[in-house]
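Only one structure is covered here, and it is reproduced in the block below.
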Amino acid sequence: MRRFLIAGNWKMNCGPVDAAELLEGLENAKTEVAEEVDVLVCPPFVSLGMSVNYLQDTDIHVGAQNIHFEDNGAFTGEISASMLTECGCSFVIIGHSERREYFGETDSSVNKKIKKALAFDLVPVLCVGESLDQRKQDIHFDLVKNQVTAALEGISGDEALDVVIAYEPIWAIGTGETASKEQAQEMHAHIRGVVADLYDQETADEIRILYGGSMKPANAEELLSQPDVDGGLIGGASLNAESFAEIISIAEKLS
Ligand code: PGA
């Protein structure tokens with residue numbers, strides 16, 4: 001049985017002061033401990049340490065939004081996987097479309113980062129998804145298949161079980177426009193099929209596939225009710241403690 005994972009991607013928001021406020025709000029807004037749901041917050045690097053400290057007696061996991069694929073060295077401005085593990089992080093978002101678009105990330109760098117994350121016991125949240133143009137050209141299924149295949153190249157079936165995939169249609173990120181539940185379900189089923197082809201049906205049945213792109217309390221229930229949607233990667237709505245807590249409760253109710 002796959003457990004829901006509700007993950008907040010804070011992007012470039014919330015330095016330590018705002019992060020403390022948001023986490024406090026989340027603690028207050030969460031009426032009960034989410035027993036059936038895994039919860040993750042991904043603050044910016046400078047707020048990771050305080051978030052780990054703040055959340056140490058809770059079940060909420062902390063993750064980063066990126067890593068470099070080398071262990072250490074002359075890579076000004078970069079952060080390694082071992083540094084994140086040392087900080088108490090357990091997850092890392094990899095290959096977000098904003099990183100692919102603005103910071104030149106490629107399928108090849110994404111693949112290296114996933115391998116490095118796994119080597120340091122960080123759960124990679126691998127982001128894939130098509131642009132509106134690619135969807136209009138009807139190449140979205142092939143594109144996502146290629147992204148997943150390239151990202152998982154050289155990764156064993158056992159290791160793949162530790163990867164979380166997030167399907168994030170670029171046209172739905174931060175736009176207020178959400179994929180319909182049918183669009184989400186058909187792409188998630190497609191991704192599961194790709195994983196089955198790469199490994200086997202058991203691996204495909206176990207791997208978690210999150211939906212991301214304007215998920216909010218108003219649409220979370222219909223998206224999370226889809227059989228192949230195992231949670232959400234939530235940007236905007238995770239910056240509001242009440243909204244994020246509400247999505248967690250919806251997932252808890254559906255578990
Ligand atoms: P959004 O962002 O929920 O604000 O659309 C999701 C994401 O980019 O991970």
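Read the numbers this way: they start at 1 and go in the same order the structure lists the ligands and their atoms. For clarity, every value in this text was computed on a predicted model and none was experimentally measured.
Using a 4.0 Å cut-off between charged side-chain N and carboxylate O, R100 and E105 make no salt bridge.
Listed by chain and residue number, F75 satisfy the ring-ring contact (aromatic ring centres under 6.0 Å, His included) test with H68 (two or more places apart in sequence, or in another chain).
Between L239 and W10, some side-chain heavy-atom pair lies under the 4.5 Å cut-off.
Judged by distance alone, the side chain of T203 and the main-chain N or O of Y199 form no donor-acceptor pair under 3.5 Å.
Other members of the cluster containing L132 are W171, with ILVMFWY side chains joined at under 4.5 Å, either directly or via other members.
Within the structure, ring-ring contact (aromatic ring centres under 6.0 Å, His included) contacts touching residues 94-138 (residues at least two apart or in different chains) do not occur.
Annotation: ligand 1 has protein neighbours N9, K11, H96, E168, A172, I173, G174, G213, S214, L233, I234, G235, G236, each with a heavy atom less than 4.0 angstrom from the ligand.
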